[in-house]
Amino acid sequence: SLLVEAHIDTVPHGDESKWVGSPWSGDIRDGKIYARGAHDDRVGAAMLWMLHDLLEQCGVRTEGDLHFLVTTEEELSSGGMKAFLSHPKKFVPDAHIGLDGNRTHHCITGHAGALPFEVVFDGPWGSVLLADPKQNSNPLTWACRFVAALERFAEVTRARFRERNSDARWPDPV
């Protein structure tokens, strides 16, 4: 399954005396929308809807599940994504593409970010110094092995990324 996600933000209005018109109005002047959060992220959200519409018009049926999501509060608290992740009926996609087009005439279809994860090592408490290597049940021993393996994981990830990425402007993952 694939999750295609964009965000919309309503940013603080700042000093209202500096606005021409109300920051609450969504006024259109000279082909531009003037309102709180009108810029961030109009391109990503519009591309998400256009992609959905194009797939529907063309009758495209994907082999896997394709989910579209628009979240809110990306700048402030990631509240929209947090709400999605805490929903009891949420789905867990195999992959995620974030559309973020808050630069002039650009839309980023994936960008450098973090890969958060939690690892739990179950087992009885013990000291690494007193662990029985034959027993293999001490969670601290497993945690040490895991941390030691992360460097190799990072090397493999960077190598796979370079093999598959044809755009040299994209930075290597760290």
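These numbers were taken from a predicted model, which means no experiment stands behind them.
- For the atom pair Leu2 CG and Glu63 CD, the distance stands at 13.0 Å (nearest 0.5 Å).
- A pairwise comparison of heavy atoms in Ala45 and Ile8 identifies CB-CG2, 4.0 Å as the closest pair.
- His87 and Lys89 make their closest contact through ND1-N, 2.9 Å (heavy atoms, listed as atom of the first residue, atom of the second, distance).
- Between Ser1 and Pro93, the shortest heavy-atom contact is OG-CA, 3.0 Å.
- Following chains of ILVMFWY side-chain contacts shorter than 4.5 Å, one can reach Leu51 starting from Val60, so the two form part of one hydrophobic cluster.
- The OG1 atom of Thr71 lies 12.0 Å from the NZ atom of Lys82; values are rounded to the nearest 0.5 Å.
- In this structure a side-chain-to-backbone donor-acceptor pair under 3.5 Å is present from Lys90 to Leu85.
- Of the inter-residue distances, the one linking Gln57 atom CD with Met50 atom CE reads 10.5 Å to the nearest 0.5 angstrom.
- Looking at residues two or more places apart in sequence or on another chain, you find no side chain to side chain donor-acceptor pair (under 3.5 Å) involving Asp30.
- Side-chain contact check for Leu55 versus Leu66: some heavy-atom pair is nearer than 4.5 Å.
- When all heavy atoms are compared, the tightest approach of Leu48 to Val4 is CD1-O, 3.3 Å.
- Between His52 and Phe68, the angle of the ring planes goes over 60°, which puts this pair in the perpendicular group of the 30/60° scheme.
- Listed by chain and number, the residues in a side-chain contact (heavy atoms from CB on, under 4.5 Å) with Glu155 are Glu151, Arg152, Arg158 (sequence neighbours excluded).
- Taken from CG in Leu54 to CE in Met47, the straight-line distance is 10.5 Å, to the nearest 0.5 Å.
- With rounding to the nearest 0.5 angstrom, the CG atom of Leu3 is 4.5 Å from the NE2 atom of His96.
- Interatomic distance, CZ of Phe91 versus CG of Asp65, reported as 8.5 Å (0.5 Å rounding).
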